[in-house]
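Here the structure is a predicted model, which is why all the values come from computation and not from measurement. Scope of the values below: all heavy atoms of this structure, side chains included, with no hydrogens, waters or symmetry mates. One-based numbering along the sequence shown.
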Amino acid sequence: MLEQGAAGDKSLEAFEKYYKDSKNLYKMAMSEDKSIARLSCFSVDDMWFALMFTKGKLGIVLSVVSLFGIILYFVTSADSGSLVIDIMASNGDQNPPRLQRVFWAAIEGASATALLIAGGEEALSAVQTASIVTGLPFTIIL
């Protein structure tokens with residue numbers, strides 16, 4: 001585990017100073033038996049998987065299950081959005097043609113991809129902000 005610095009702080013600077021090799025950050029932020037992880041040492045993207053790997057060999061299974069759940073969530077959400085757009089485009093027909101639904105799903109995916117590619121590194125936060133601003137009037141109306 002980490003030793004406290006001269007001032008008793010356990011900041012990231014003290015962590016990096018104590019462990020000079022940042023390439024092995026994953027190994028350094030875990031206890032020997034991998035039962036404890038210092039999650040603040042990981043990026044936001046890696047925190048979840050670091051937590052899963054504290055469960056030993058079960059961590060791999062938990063990581064795969066969580067990735068499957070995330071993918072299932074996005075696919076289900078995209079499918080629901082495509083269905084709603086398709087029903088609106090077909091003048092309220094509750095059973096629109098599947099090919100038309102596939103078309104709308106492809107258009108949604110292409111437009112999201114184009115926004116992310118055109119926006120550069122800050123594209124995701126820009127897309128998130130745009131979706132919140134767009135949805136804000138509906139929260140007032142509903």
Quiz item: To the nearest 0.5 Å, what is the distance between OG (Ser90) and CD (Gln100)?
Solution: 5.5 Å

Got a list of side-chain donor-acceptor pairs under 3.5 Å for residues 135-142, not counting sequence neighbours?
{"from": "Thr139", "atom 1": "OG1", "to": "Leu136", "atom 2": "O", "distance (Å)": "2.5"}

Quiz item: Hey, what do you get for CG (Asp79) to CZ (Phe74), rounding to the nearest 0.5 Å?
Solution: 15.0 Å

Practice problem: Could you tell me whether the side chain of Arg101 reaches within less than 4.5 Å of the side chain of Ile85, counting heavy atoms only? | Solution: no

Quiz item: Could you give the distance from CZ (Arg98) to OG (Ser82), rounded to the nearest 0.5 Å?
Solution: 12.5 Å

Exercise. Report whether Trp48 and Ile70 are members of the same hydrophobic cluster (ILVMFWY, side-chain heavy atoms less than 4.5 Å apart, transitive linking).
Key: no

Quiz item: Under a 4.5 Å cut-off applied to non-hydrogen side-chain atoms, are Leu72 and Val75 in contact?
Solution: no

Quiz item: Hey, what do you get for OG (Ser63) to CZ (Phe68), rounding to the nearest 0.5 Å?
Solution: 15.0 Å

Quiz item: What pair of heavy atoms forms the shortest contact from Pro96 to Asp93, and how long is it?
Solution: CD-O, 3.4 Å

Quiz item: Side chains of Ile87 and Leu83: does their closest heavy-atom pair fall under 4.5 Å?
Solution: yes

Quiz prompt | Path from Val64 to Val61 over hydrophobic side-chain contacts below 4.5 Å | solution = no

Quiz item: In Å and rounded to the nearest 0.5 Å, what is the CG to CE distance from Leu58 to Met52?
Solution: 9.0 Å

Practice problem: Identify whether Val65 and Ile60 are in the same connected component of the hydrophobic contact network (ILVMFWY, side-chain heavy atoms under 4.5 Å). | Solution: yes

